[in-house]
Protein chains: 2
Amino acid sequence: MSVTTDRIVQPLIRRLTSTANPSDEVIRALADLPFTVKSFEPGQDIVRDGERPEHCAAVIEGWLCRFKLLPDGGRQIIAFHIAGDMPDLQSLHLGVLDHSISAVTPCTVALIPHEALRQRTARLPDLAALLWRETMIDAALFRGWVTAMGRRSAYGRTAHLFCELHMRQRAVGLAEPRHSPMPLRQTDLADAMGLTSVHITRTLGALRKSGLITLQGRTLTIHDWDGLCQAAEFDPSYLHLGKANG
Amino acid sequence: MSVTTDRIVQPLIRRLTSTANPSDEVIRALADLPFTVKSFEPGQDIVRDGERPEHCAAVIEGWLCRFKLLPDGGRQIIAFHIAGDMPDLQSLHLGVLDHSISAVTPCTVALIPHEALRQRTARLPDLAALLWRETMIDAALFRGWVTAMGRRSAYGRTAHLFCELHMRQRAVGLAEPRHSPMPLRQTDLADAMGLTSVHITRTLGALRKSGLITLQGRTLTIHDWDGLCQAAEFDPSYLHLGKANG
DNA sequence: CGATTGGTTGATCGTTATCAACATCGGTGG
DNA sequence: CCACCGATGTTGATAACGATCAACCAATCG
């Protein structure tokens, strides 16, 4: 594994080893995957709803979001993705994308040909299982979002999002205990939570006034993690970060 | 494949062949899977949040729902499942369940040991890919729900649910063009849509008054499919029912 | 320096929740 | 057969939460 390749594949491997225990053989197969590197500017689309990509993206650096556009121009953000994530793994077996993915911050992704992934996963069942598991975690996060949207107030829902994003970044070494990058505009937060940006302003104000968090300069500061979790009714088990097949 | 086995495995195979084109070898492997059959009464749990099942369920008959319970006793239904679905396929690689599954109607499920699934998917990469694809469709449905919850009114959201459930039943031959089974209480609908049952009453009334649907006697009658789709802004592509790798 | 983007605040409106009473239906036992 | 019961669904009155509209402020960037 060359130095360059190393720098590129490292986030993916760090991510996968953070939630599972892949064998050396599987890690070698991952490291050997062919890819091309591409960079994107904020707001730029990586892939669009309706397309049939021939490769999967693995995030090397920066933030991406997945979203659906509605006829009236509305946008629902469905997920945020950070280094190590594979946001369009589903294109490997679904073909047509049912949503779009675009860059939230300047970002770099590795594009891995479907062909290569298909060959390797056919030869190495453990690799297939590892990536399949990623799809399952992806689905688990969506379940968490459905629950948050359906049954939590703006306040609890927003707290919940911060808990999730903080823990996911912690798990791959991208955040400190009480701080994490949070490069989201209020419109991004609004589109993710099914709220308006005006209401996000008020909600962030309320969270600040409660002494739980402050959000400034693209970073989240957590003043009271326990309080935040309580406000969010946050139970991290749905993130499936435990290695023991959790 | 014996007559008994046939009757049991048939729904699963019908479902899988409705969205993909598995090879004969894969179908044979599915038909050969060991299982035990179990029946449940409405309201009974099939598996519970926090458990680590050793088998996956495949629905043979009846309706199931998946849901998360909140500390305050609230319930968010995350998905409904009909014959042919595998509602807890994710337990194969995730271990701990992050939600519960219970019976909506009297229902029968086949319980397939993880061990058998692991062996077969390791030996038959195409089988693994087929089931992996099911996980991806599962995730796609959740994305549809997130979008519905976040950006649609009670009216549009409810219309959307009926569109989804009707099409999914049609795809596996469980519904007629303008009628489908809909054995849900208003509290089930409410818990699925993030609304109260009182508001569901009013919303159903509005849908009826618009001449789109009526819901009585556990069946949905669609008076105006195009109108319903329009009210729901329904785009069926997220169901990935197309066989051509759609 | 002005222009543009992102964030804040206040006033008002609409959708959905909440509370409460009542209606309907299917089943059960007298 | 009828009276009753529990579960489910309906309706109305009121309240809360979040949307909408509009003005304004702050930061960044040419």
Side-chain angles (χ1 to χ4, degrees), chain A residues 41-44 63 65 70 72-77 103-106 148-161 182-210 213-221 231, chain B residues 41-44 63 65 70 72-77 102-106 148-161 182-210 213-220 231:
Chain A
E41 286 309 305
Q44 216 182 333
W63 283 50
C65 71
L70 288 110
D72 67 355
R75 179 176 72 147
Q76 177 63 47
I77 292 178
V104 171
T105 68
M149 310 274 287
R151 287 288 176 232
R152 280 189 239 279
S153 66
Y155 185 85
R157 212 185 299 177
T158 307
H160 201 269
L161 180 68
M182 196 60 60
L184 304 172
R185 315 273 144 193
Q186 295 198 348
T187 57
D188 298 324
L189 287 170
D191 287 347
M193 314 300 282
L195 301 168
T196 58
S197 67
V198 172
H199 202 65
I200 286 289
T201 298
R202 304 197 216 268
T203 305
L204 291 178
L207 286 166
R208 195 180 329 115
K209 221 192 274 185
S210 308
I213 58 148
T214 49
L215 183 54
Q216 43 184 311
R218 311 281 91 107
T219 76
L220 174 74
T221 303
Chain B
E41 287 308 305
Q44 217 182 331
W63 283 49
C65 71
L70 288 110
D72 67 356
R75 179 176 71 146
Q76 177 63 47
I77 292 179
S102 74
V104 171
T105 68
M149 310 273 287
R151 288 287 175 232
R152 280 188 239 278
S153 66
Y155 185 84
R157 213 186 297 177
T158 308
H160 201 271
L161 180 68
M182 196 61 60
L184 304 171
R185 315 273 142 189
Q186 295 198 350
T187 58
D188 298 323
L189 287 170
D191 288 348
M193 314 300 282
L195 301 168
T196 58
S197 68
V198 172
H199 202 65
I200 287 287
T201 298
R202 304 197 217 269
T203 304
L204 291 178
L207 285 166
R208 195 181 329 115
K209 221 191 279 186
S210 308
I213 59 149
T214 49
L215 183 55
Q216 43 184 313
R218 309 283 94 108
T219 76
L220 174 74

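Numbers restart at 1 for each chain; the letters A, B, ... are given by sequence-line order, proteins then strands.
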Original post:
Side chain of Arg202(B), base of dG12(D): donor and acceptor closer than 3.5 Å?
Top reply: yes

Rounded to whole Å, how long is the line connecting atom [atom1] of [X] with atom [atom2] of [N]?
{"X": "Lys209(B)", "N": "dT10(D)", "atom1": "NZ", "atom2": "C1'", "value": "13 Å"}
{"X": "Ile200(A)", "N": "dT20(D)", "atom1": "CD1", "atom2": "C1'", "value": "16 Å"}
{"X": "Gln216(A)", "N": "dA27(D)", "atom1": "CD", "atom2": "P", "value": "11 Å"}
{"X": "Arg185(B)", "N": "dG6(D)", "atom1": "CZ", "atom2": "C1'", "value": "12 Å"}
{"X": "Met149(B)", "N": "dG18(D)", "atom1": "CE", "atom2": "C1'", "value": "16 Å"}
{"X": "His199(A)", "N": "dC13(C)", "atom1": "NE2", "atom2": "P", "value": "19 Å"}
{"X": "Asp188(B)", "N": "dA7(D)", "atom1": "CG", "atom2": "P", "value": "15 Å"}
{"X": "Leu204(A)", "N": "dT9(C)", "atom1": "CG", "atom2": "C1'", "value": "14 Å"}

Describe the nucleic acid contact of [X] in one word from base, sugar-phosphate, nothing, applying a heavy-atom distance below 4.0 Å.
{"X": "Arg152(A)", "value": "nothing"}
{"X": "Ser197(A)", "value": "nothing"}
{"X": "Arg218(A)", "value": "sugar-phosphate"}
{"X": "Leu195(B)", "value": "sugar-phosphate"}
{"X": "Gly217(B)", "value": "nothing"}
{"X": "Gly43(B)", "value": "nothing"}

Which heavy atom of [X] sits nearest a heavy atom of [Y], and at what distance?
{"X": "Leu161(A)", "Y": "Met193(A)", "result": "CD2-SD, 3.7 Å"}
{"X": "Pro42(B)", "Y": "Val104(B)", "result": "CB-O, 3.5 Å"}
{"X": "Ala190(A)", "Y": "Arg151(B)", "result": "O-NH2, 3.3 Å"}

Subject >> Closest listed nucleotide, where the reference is the side chain of Thr201(B) and the choices are dG7(C), dT16(C), dG9(D) >> reply: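 Selected nucleotide: dG9(D).
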
Original post:
Does a side-chain N or O from Thr196(A) land closer than 4.0 Å to OP1 or OP2 of dA19(D), or not?
Top reply: yes

**OP:** Would you sort out whether Arg75(B) and Asp188(B) count as a side chain to side chain contact (heavy atoms under 4.5 Å, CB included), showing the intermediate values?
**Re:** CA-CA 9 Å; Arg75(B) 179 176 71 146; Asp188(B) 298 323; 2.9 Å; yes

Original post:
If each of Val198(B) and Gln186(A) is mapped to the nucleotide of DNA chain C with the nearest heavy atom, which maps nearer the 5' terminus, i.e. the 5' end?
Top reply: Gln186(A)

Original post:
Does the salt bridge (charged side-chain N to carboxylate O under 4.0 Å, His left out) test come out yes or no for Arg152(A) and Asp72(B), once each step is laid out?
Top reply: CA-CA 11 Å; Arg152(A) 280 189 239 279; Asp72(B) 67 356; over 6 Å; no

